[in-house]
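Structure first, commentary second.
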Amino acid sequence: FRKEVAFDSSFSPSGAIQTKLTNLKIAEQALLDLAPTFDYDYGNVDPHFPDIAIVDTHIPKSAVHCRNHERRHAKDMLYNNKENNNDSYIIHGIHIHSNSKPKSDDSLNASSQTLSPQNSQHPQQPPHQSQPQTIKTPLVMLHGYMNGGIYYYRNFFTLSRYFQSIYSLDMLGWGASSRPPFDLSALKDNNSNNNKNAHDEVASLSTTSTTPTTEMEMNDNVMAGQDFFVESLEAWRKQNGIDRMILAGHSMGGYIGTAYCEKYPNRVERLILISPVGVPEEPSLHEIMGGRYVQWRKTIMGQLFLQVFQYSSVGQILRLLPSSSSLERVRSYVGKRLQFENEKEQQVFADYLYHSNTLPGSGEYCLAHFLKPSSFAHYPLVHRIPKLVLFDLKEKDKKKINSNNDENNNESDNKNDTIQSVSFLYGQDDWMDVKGGLQVLEKCSGQNDDHVDGNNKSNDNNNDKIISVYSVSKAGHLLMLDNPKEFSHAVVLAAGGTIHYNNNDNNTNDNNNDMPTQL
């Protein structure tokens, strides 16, 4: 188990901020040290030693159009390079590279079995004759709101048996990545001047009735917030020389991942949405509270809540409290929210969460840009993902026509360069409503029928699988931590892979219980 620590040493924070940053990295490394204990598939009989490196990628500041890049305060200066202070931000990440060689087919034919999602409506996947087939397209994983890339530490070793390369990132403004001021005025100006068509497209998804001026202002706000993360992710991709990726995002990371696909669909092979926020459409006020919500908004407490939601964050509240009080509240939350058999692991996890969210705030202020105080999105993904799929199906139809008219096309010419599938993963006890994913599935099923002609329907079996919804048992919203084994299997299936077990594993009898249910 090789660990390459490549932390950038040229930070310029001072005092308490430097201490928190150091403690954050210590907690991250401690969690990373625990990763091998969660190696599930073949772990008892075939030890696995992927290369793991902590890598900081410098991206040009010009890629993110925040106002006041040059402003010298804690938020902006947290991770600036001393030698190139005005030119770059840092995207912090963990890179897992699988270096294991597959065993021979003969050595595993009698000892492996292939399992599929627990759904009788879908046929069993064809058996594979060797160790898990390596998925060559890099898996890039985005975290949820006020979390970090290390949240997937329980999944790294199992996933690395199926993926050749995995990147788990701290998005810009979170974790150990740079934290520029979340002042998006420049982005709003840029969007207003150069992205009117994109504005009109997003505005058409709104279900609220507002004046055109208010709608455009809201649209500027949403687009500016999205571009803060989308453009920094795109700059990271370019710096790392990744042509296409399998993009997975948890909660807010799922929302941001969808926004990235809208702008750069040719850079994503598959999109995996892990309990994503912002999918369903907001119910009417009458449906929510029978009119009581409107009355509540008029109260003093209601107005106070709306002001806090609009201009503050949980992290800001933690930073206002004494350090001991903040840490106590974080540890209490972790103890109640998650199940840890190892007390040391629980303490380290709480320390990571505390230090991450008491560093200067940045990305956490995106909440009001994307969501209403009711936690529903201003522009729900239930209307946006089908447009991604619609584009994908049109491109597939074009490729079919071109390939039929050109007898000289070879296999490489027919490679699909659009999004092949969108998969939703929810915990069985998830507070995020699975109905959102099922609504997208229903919408896209109708689109498949519209874009596949009658002669091709029976032969093109991939179209009805372009949207998939999986449920992970014994898990809530943090399904990667609640049930890491089944979650990892769900990710592999969503990426088009096949799950394998070694029959000599002591847990063979429980194999069928470790597969997600496809809804």
Side-chain angles (χ1 to χ4, degrees), residues 1-5 28-54 93-103 107-108 111-115 128 130-136 138-139 141 149-168 246 248 250 272 274 338-342 344-346 348-349 352 425 472-475 478-495 497-516:
F1 176 40
R2 182 174 65 84
K3 295 170 291 187
E4 274 184 21
V5 180
E28 179 187 57
Q29 186 63 59
L31 291 173
L32 197 56
D33 289 340
L34 293 172
T37 64
F38 299 97
D39 183 13
Y40 295 106
D41 298 350
Y42 291 92
N44 293 344
V45 295
D46 180 24
H48 182 51
F49 303 101
D51 290 334
I52 298 182
I54 299 174
I94 302 168
H95 182 210
I96 303 94
H97 180 76
S98 179
N99 58 9
S100 60
K101 297 181 179 179
K103 293 186 177 181
S107 66
L108 286 169
S111 61
S112 64
Q113 59 175 321
T114 304
L115 299 176
H128 201 273
S130 66
Q131 227 177 353
Q133 181 179 9
T134 300
I135 299 172
K136 294 183 179 180
L139 172 66
M141 309 183 79
I150 194 62
Y151 266 57
Y152 297 103
Y153 71 98
R154 291 184 174 183
N155 315 117
F156 289 155
F157 267 64
T158 299
L159 289 175
S160 66
R161 290 184 176 274
Y162 298 90
F163 293 90
Q164 182 173 314
S165 186
I166 302 168
Y167 296 88
S168 190
I246 297 172
H250 172 244
I272 303 174
I274 306 162
L338 297 168
Q339 299 296 324
F340 290 93
E341 295 182 3
N342 185 322
K344 179 63 175 178
E345 180 185 4
Q346 178 175 326
V348 171
F349 189 91
Y352 174 87
L425 279 58
V472 175
S473 65
K474 301 177 182 178
L478 294 173
L479 49 167
M480 76 287 290
L481 296 169
D482 293 334
N483 191 343
K485 186 175 184 179
E486 190 172 317
F487 166 79
S488 296
H489 292 167
V491 171
V492 173
L493 294 173
T498 303
I499 303 300
H500 296 257
Y501 283 94
N502 190 303
N503 286 333
N504 296 323
D505 196 319
N506 294 332
N507 296 322
T508 299
N509 294 333
D510 297 327
N511 285 347
N512 286 311
N513 296 326
D514 295 323
M515 296 300 295

Next item on the list: Begin from the C-alpha positions of I246 and F163 and carry the test side chain to side chain contact (heavy atoms under 4.5 Å, CB included) through to its verdict.
Entry: CA-CA 10 Å; I246 297 172; F163 293 90; 4.0 Å; yes
Check: Would a 4.5 Å heavy-atom cut-off, applied to side chains only, mark Y153 and L481 as touching?
Finding: yes
Next item on the list: For S488, enumerate each residue passing the side chain to side chain donor-acceptor pair (under 3.5 Å) test, keeping only those at least two apart in sequence or located in another chain.
Entry: N155
Note to self: Run the ring pair (Phe, Tyr, Trp, His ring centres under 6.0 Å) test against F487 and tell me which residues pass, sequence neighbours left out.
What the structure shows: none
Checklist line | Any L32 side-chain heavy atom under 4.5 Å of F156 side chain | finding: yes
Check: What distance do L31 atom CG and I150 atom CD1 have between them, rounded to the nearest 0.5 Å?
Finding: 5.5 Å
Notebook entry, point to check: Are R161 and V492 close enough that some pair of their side-chain heavy atoms sits under 4.5 Å apart?
Noted result: no
Next item on the list: Using the test side-chain contact (heavy atoms from CB on, under 4.5 Å), find all partners of K136 that sit at least two apart in sequence or belong to another chain.
Entry: Q164
Checklist line | L478 vs H250 side-chain heavy atoms within contact, under 4.5 Å | finding: yes
Notebook entry, point to check: Taking all non-hydrogen atoms of both residues, which atom of P50 and which atom of I96 are closest, and how far apart?
Noted result: CB-CG2, 3.8 Å
Notebook entry, point to check: Are any side-chain N or O atoms of E486 and backbone N or O atoms of S473, one a donor and one an acceptor, separated by less than 3.5 Å?
Noted result: yes
Check: How about M480 and V491: do any of their side-chain heavy atoms sit closer than 4.5 Å?
Finding: no
Check: Is the F349 to Y151 ring centre distance short of 6.0 Å?
Finding: yes
Checklist line | Distance, nearest 0.5 Å, that separates OH of Y167 from CG of L139 | finding: 11.0 Å
Margin query: Rounded at 0.5 Å granularity, tell me how far CD1 in I54 sits from CD in E28.
Written below: 4.5 Å
Margin query: Test side chain to side chain contact (heavy atoms under 4.5 Å, CB included) on T37 and F157; report intermediate values, then the result.
Written below: CA-CA 9 Å; T37 64; F157 267 64; over 6 Å; no
Item checked: Heavy-atom donor-acceptor pair, T158 side chain to F38 backbone, under 3.5 Å -> yes
Item checked: side chain to side chain contact (heavy atoms under 4.5 Å, CB included) assessment of L493 paired with M515 -> CA-CA 10 Å; L493 294 173; M515 296 300 295; 3.7 Å; yes
Note to self: Give me the atom names and distance for the closest heavy-atom approach of A490 to L425.
What the structure shows: CB-CD2, 3.6 Å
Notebook entry, point to check: Which atom names give the shortest non-hydrogen contact between H97 and S165, and what distance separates them?
Noted result: ND1-CB, 4.4 Å
Margin query: Any side-chain to backbone donor/acceptor pair from S168 onto I94? Under 3.5 Å, distance only.
Written below: no
Check: Roughly how far, to the nearest 0.5 Å, is the CG atom of L159 from the NE2 atom of H489?
Finding: 9.0 Å
Check: Which is it for Q346 and L338 under the side chain to side chain contact (heavy atoms under 4.5 Å, CB included) test, yes or no, and what are the steps along the way?
Finding: CA-CA 8 Å; Q346 178 175 326; L338 297 168; over 6 Å; no
Next item on the list: Please report the shortest heavy-atom distance between K474 and N483, naming the atom on each side.
Entry: O-CB, 4.0 Å
Notebook entry, point to check: Which pair of non-hydrogen atoms, one from I274 and one from A248, has the smallest distance, and what is that distance?
Noted result: CD1-CB, 4.2 Å
